Amino acid sequence: MPELAEVEFYRRQWDPGLGQKIMRVQIHPRKRIFRGSNPRAFVRELTGSCFLRSFAWGKQMLFEFSGGNWIGIHLGMTGTLRIEPPNFRPEKHDHLVLHQARRSLVFRDARLFGRVRFHRGQSAPPWWRAGGPDIASDTFDRKFLDAFLRRHGRAPVKSVLLLQSGFAGIGNWMADEILWRAKIPPLTAAGALTAAQGTRLFRETRFVASESLRIIGPNFSDPPRDWLIHQKWKRDGVCPKHHTPLRKAIIGGRTTAWCPRCQK
DNA sequence: ACCCCTGTTCGGCG
DNA sequence: CCGCCGAACAGGGG
């Protein structure tokens, strides 16, 4: 489910708990969601600490607590964050619950493709910001984009849009939205894009990232009706521009929809 | 019952 | 060694 904008939305869900103490922590410690961490030891440290700040970066989130305690969360395909009452009892897929005096902060993930990582230290963990540059930042510029496309020049551009080392936070629906707006066929080799296509890819990547953050981030509002996302999952989806039937194929292992008239 | 899935990682292969 | 691709992970929904 979650890409850049949805991740930002879920990060904000825990905001009501900022500045408040963690009274009790409940986990399902054996779940693979905690792979690579020692959750039981961390729970001892976290209990009694204060929830200080949170950050989002691509599809990654980082939550900072007093005493040098940090939690990194990746939502995978089906992860969500939400608030529940203080005495909330976790259900089957609620793998991490931070109880505060007035509410509980809950992480749920049915499919367990997500990941929760713990870190102790004075600064953010080394794995934080290990991915590509923030698309909104100056580091994500034409030079970076062109070099990245060249480096993965033989792969279909659709597959390259899904690489988090270059397009942090872009997932399947945003990738198709970007390529549709940039008028680029998804099977085009990344190294074979024309200069004009490169220019449009850069512009529309920035546009889709910033617009979806603005629309979805605060309250999960729907993107405008003329965005491709509303058509791409339909069996008989059509191009929002002129109602040409969309084409579908598996590219880079993922369902891809595009308009054969706009994107050629 | 069967097929689908907004993600990442790993092993095989060229 | 690099990079590409398919499979695997696991469960719910159509």
Side-chain angles (χ1 to χ4, degrees), chain A residues 1-11 13 28 30-37 56-61 72-81 90-96 107-117 127-132 135 147-181 186-192 205 208-209 211-213 215-217 220-223 227-237 246 248-258:
Chain A
M1 193 166 187
E3 303 179 26
L4 186 70
E6 292 92 344
V7 168
E8 172 62 8
F9 170 80
Y10 286 119
R11 180 191 68 80
Q13 298 312 296
H28 295 158
R30 307 292 297 269
K31 294 294 186 178
R32 62 185 298 272
I33 217 93
F34 296 110
R35 56 195 177 276
S37 291
W57 177 272
K59 296 175 188 172
Q60 308 277 346
M61 292 178 288
I73 296 184
H74 189 293
L75 297 171
M77 288 277 253
T78 50
T80 60
L81 301 185
E91 295 166 5
K92 184 179 176 191
H93 300 302
D94 298 323
H95 306 299
L96 172 68
F107 165 68
R108 167 178 287 190
D109 184 6
R111 280 177 83 181
L112 300 172
F113 287 4
R115 187 168 184 189
V116 176
R117 287 198 271 198
W127 37 260
W128 176 243
R129 301 200 170 184
I135 288 174
F148 193 77
L149 294 172
R150 221 176 303 126
R151 187 166 134 218
H152 299 280
R154 310 194 65 155
V157 63
K158 164 65 186 265
S159 308
V160 177
L161 264 296
L162 297 175
L163 296 174
Q164 299 302 296
S165 50
F167 295 89
I170 301 300
N172 204 19
W173 80 257
M174 292 180 84
D176 282 3
E177 195 77 47
I178 290 165
L179 291 174
W180 175 68
R181 298 188 64 97
L187 273 168
T188 311
T205 298
V208 171
E211 274 298 280
S212 54
L213 264 177
I215 294 164
I216 296 169
F220 227 115
S221 293
D222 238 7
W227 279 35
L228 186 71
I229 185 175
H230 299 296
Q231 296 291 329
K232 84 161 273 184
W233 300 115
K234 290 187 188 172
R235 195 165 45 83
D236 298 314
L246 297 179
K248 309 256 177 83
I250 305 292
I251 302 175
R254 319 300 301 283
T255 301
T256 301
W258 74 99

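Quick caveat: nothing in here was measured; it's all calculated off a predicted structure. In what follows, chains are A, B, ... by sequence order, proteins preceding strands, each numbered from 1.
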Enquirer: For A:Arg35, does the CZ atom sit with more than 12 other heavy atoms under 6.0 Å from it, leaving out its own atoms?
Expert: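 Count over threshold, so yes.
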
Enquirer: Name the closest nucleotide to the A:Arg151 side chain, picking from C:dC5, B:dG7, C:dG3.
Expert: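 Nearest listed nucleotide: C:dG3.
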
Enquirer: Regarding A:Glu6 and A:Trp173, do their side chains bring together a donor and an acceptor under 3.5 Å, going by distance alone?
Expert: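 Side-chain D/A pair, A:Glu6 to A:Trp173: present.
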
Enquirer: What is the minimum heavy-atom distance between A:Arg32 and A:Leu112, and which atoms define it?
Expert: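 For A:Arg32 versus A:Leu112, the nearest heavy atoms are NH1-O, 2.9 Å.
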
Enquirer: How does DNA chain C look in dot-bracket form if you count Watson-Crick and G-U pairs under 3.5 Å, write [ ] for pairs that cross, and put | where a base pairs with another strand?
Expert: .||||||||.||||

Enquirer: To the nearest 0.5 Å, what is the distance between NE2 (A:His74) and CD1 (A:Ile33)?
Expert: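 These two atoms lie 10.5 Å from each other.
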
Enquirer: Which of the following nucleotides, B:dG7, B:dT8, C:dC4, is nearest to the side chain of A:Arg154?
Expert: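 Nearest to the side chain of A:Arg154 among the choices is C:dC4.
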
Enquirer: To the nearest angstrom, how far is A:Asp109 atom CG from B:dG7 atom P?
Expert: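 Roughly 13 Å, once rounded to whole Å.
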
Enquirer: Any donor and acceptor pair, going by atom type alone, linking the side chain of A:Asp94 with main-chain N or O of A:Glu91 inside 3.5 Å?
Expert: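 Yes; judged by distance alone, with no hydrogens or angles, the pair exists.
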
Enquirer: Calculate the interatomic distance between A:Ile33 atom CD1 and B:dT9 atom C1'; express it in whole Å.
Expert: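 Atom CD1 in A:Ile33 sits about 15 Å away from atom C1' in B:dT9.
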
Enquirer: In whole angstrom, what separates A:Leu161's CG from B:dG7's P?
Expert: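 Interatomic distance, CG of A:Leu161 to P of B:dG7: 12 Å.
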
Enquirer: Checking contacts here: which listed nucleotide (C:dC4, B:dG7, C:dG11) is nearest the side-chain heavy atoms of A:Met77?
Expert: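 Nearest nucleotide to the side chain: B:dG7.
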
Enquirer: Looking at A:Leu228, is its backbone amide N or carbonyl O close enough to the side chain of A:His230 to form a donor-acceptor pair, meaning the two atoms are under 3.5 Å apart?
Expert: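 It does not hold such a pair.
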
Enquirer: Considering every strand and a 4.0 Å limit on heavy-atom distances, what is the contact class for A:Arg32: base, sugar-phosphate, or nothing?
Expert: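 It contacts sugar-phosphate atoms only.
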
Enquirer: What is the distance, to the nearest angstrom, from the CG atom on A:Leu112 to the P atom on B:dT9?
Expert: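 Distance, rounded to whole Å: 16 Å.
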
Enquirer: When the distance from CD1 of A:Ile250 to C1' of B:dC4 is rounded to whole Å, what number comes out?
Expert: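 Result: 10 Å.
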
Enquirer: Tell me whether the ring of A:Phe113 lies stacked over the C:dC9 base, given a 5.5 Å limit on centroids and a 30° limit on the plane angle.
Expert: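 Stacking between A:Phe113 and C:dC9: present.
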
Enquirer: Among C:dC4, B:dG7, C:dG12, which is the nearest nucleotide to the side chain of A:His152?
Expert: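 That would be C:dC4.
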
Enquirer: Could you state the CE-P distance from A:Met174 to B:dG7, rounded to the nearest angstrom?
Expert: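 Interatomic distance, CE of A:Met174 to P of B:dG7: 11 Å.
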
Enquirer: So A:Thr205 and A:Phe167, do their side chains get closer than 4.5 Å, heavy atoms only?
Expert: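 The answer is yes; the side chains approach within 4.5 Å.
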
Enquirer: So, is A:His74 near the phosphate of B:dG7, with a side-chain N or O under 4.0 Å from OP1 or OP2?
Expert: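 A:His74 to B:dG7 OP1/OP2: no side-chain N or O under 4.0 Å.
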
Enquirer: Side chain of A:Ser159 only, heavy atoms from C-beta on: which candidate in B:dT8, C:dG12, C:dC5 is closest?
Expert: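 Nearest nucleotide to the side chain: C:dC5.
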
Enquirer: Under 3.5 Å, is there a donor-acceptor pair between the side chain of A:Gln164 and the main chain of A:Ile170?
Expert: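 Pair found, side chain donor or acceptor close to backbone of A:Ile170.
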
Enquirer: Round to the nearest Å and state the distance from A:Gln60 atom CD to B:dT8 atom C1'.
Expert: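 Atom CD in A:Gln60 sits about 10 Å away from atom C1' in B:dT8.
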
Enquirer: Rounded to the Å, how far apart are A:Ile251 CD1 and C:dG6 P?
Expert: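 Taking CD1 of A:Ile251 and P of C:dG6, I get 11 Å after rounding.
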
Enquirer: When you compare C:dC9 with B:dA1, how far apart are their C1' atoms, in angstrom units rounded to a whole number?
Expert: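 About 22 Å, rounded to a whole number of Å.
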
Enquirer: For the side chain of A:Arg254, counting heavy atoms from C-beta on, which of B:dG7, C:dC4, C:dG12 is nearest?
Expert: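 Side chain of A:Arg254 sits closest to B:dG7.
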
Enquirer: Does A:Lys59 have a side-chain nitrogen or oxygen under 4.0 Å from the phosphate oxygens OP1 or OP2 of B:dT8?
Expert: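 A:Lys59 to B:dT8 OP1/OP2: side-chain N or O found under 4.0 Å.
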
Enquirer: Select one nucleotide: of C:dC5, B:dG7, B:dT8, the one nearest the side-chain heavy atoms of A:Gln164.
Expert: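 Between C:dC5, B:dG7, B:dT8, the one nearest the side chain of A:Gln164 would be B:dT8.
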
